[in-house]
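Everything numeric here is computed off the predicted structure, so don't read it as measured data. Every number for a ligand or one of its atoms is a count from 1 in the order of the listing.
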Amino acid sequence: MLIAGNWKMYKGPAETAEFCVELRRQLADLEGVDVAVCPPFTSLAVAVQVLAGTDIAVAAQNVHWEPEGPFTGEVSPQMLLELGAYGAIVGHSERRQLFGETDEGVGKRARAALDAGLSVIACVGETESEREAGETEDVLRRQVSVLEAEDNLVVAYEPVWAIGTGKNATPEIAQEAHAFIKGLVDVPVLYGGSVKPENAAELLGQADVDGALVGGASLDVESFAAICLAATRS
Ligand code: PGA
């Protein structure tokens, strides 16, 4: 079971330090659940520093496929490793929708990060109109087709209509999509999309839900810790 907090473009270094000191304190006795935080690039170093010596991992929100080069605005797997990050998210729907990332690019990011020794959380998920048009399985099949199963890869199923909307997938919808994804690529699958302390236990209790990628509710240390605790009971 993995609970990862995707902070998106929130929390600079000072706020990150404060959050991580408190998270470290609140999760001191947590057992049986892997926990990761994914701050913005500029806050990764301080998170790594404050969480050193704990089991709480630090991951980036994206990563490029080249080790270095003329790629303005990008960060390489080797740079993240040097910093002490354990992994990176790739293919988040905000990257796909707002920054034009493609399945091909997501596949290259995942491949290079895994080859370099990072863990990868690769996000997939359909939009509301794709679900309504009955295209969910086609979309998932296409998005997963660029990924290959291996030890350090996990997929996050994040239906776009459930992200930041307060409208989470029902446990049944999540379970069905997770089982479908696992039939395509045999790796753990996290659920993401409006996960909160109130709905975490039910979602995490589904047979093929192996953890959660939490956005909004991961920004508050109490609610993120509550979700991590809920995971120990699922
Ligand atoms: P949310 O975001 O929990 O705020 O819906 C999830 C995500 O985007 O990873």
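The CG atom of L118 sits 10.0 Å away from atom OH of Y86, with the distance rounded to the nearest 0.5 Å.
Less than 4.0 angstrom separates some heavy atom of G164 from each of these atoms of ligand 1: 1 (P), 4 (O), 5 (O). Interface atoms of ligand 1 facing S194, defined by a heavy-atom separation under 4.0 Å, are 1 (P), 3 (O), 5 (O). Close contacts between ligand 1 and K8 involve ligand atoms 2 (O), 7 (C), 8 (O) [criterion: under 4.0 Å to a heavy atom]. Short contacts between ligand 1 and G193, defined as distances under 4.0 Å to a heavy atom of the residue, involve ligand atoms 5 (O). For ligand 1 and H92, the ligand atoms under 4.0 Å from any heavy atom of the residue are 7 (C), 8 (O), 9 (O).
Under a 3.5 Å cut-off, the side chain of S218 and the backbone N or O of G5 do not form any donor-acceptor pair. The backbone N or O of I89 lies less than 3.5 Å from no partner atom in the side chain of Q61, so there is not a single donor-acceptor pair.
Residue N6 touches ligand 1 through its side chain alone, judged by heavy-atom distances below 4.0 Å. Residue A162 touches ligand 1 through its backbone alone, judged by heavy-atom distances below 4.0 Å.
Between G216 and ligand 1, a contact under 3.5 Å exists for at least one N or O pair. When only interatomic distances are considered, the shortest N/O to N/O separation between A217 and ligand 1 does not fall below 3.5 Å.
Protein heavy atom nearest atom 3 (O) of ligand 1, with residue, atom name and distance: G215 N, 2.9 Å. Atom 7 (C) of ligand 1 has E158 OE2, 3.2 Å as its closest protein atom, hydrogens excluded (heavy atom only).
In summary, the side chains of Q143 and D103 do not present any donor paired with an acceptor at a separation below 3.5 Å, with no hydrogens or angles considered.
Members clustered with V21: V46, V50, by chain and number, using a 4.5 Å side-chain heavy-atom cutoff among hydrophobic residues.
Between F19 and F224, the two ring planes are tilted [angle within 30° to 60°].
One hydrophobic cluster holds both V189 and V120 under the rule that ILVMFWY side chains link at heavy-atom gaps under 4.5 Å.
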key: Step-by-step side chain to side chain donor-acceptor pair (under 3.5 Å) determination, Q78 to E82   = CA-CA 6 Å; Q78 289 71 15; E82 184 179 343; over 6 Å; no
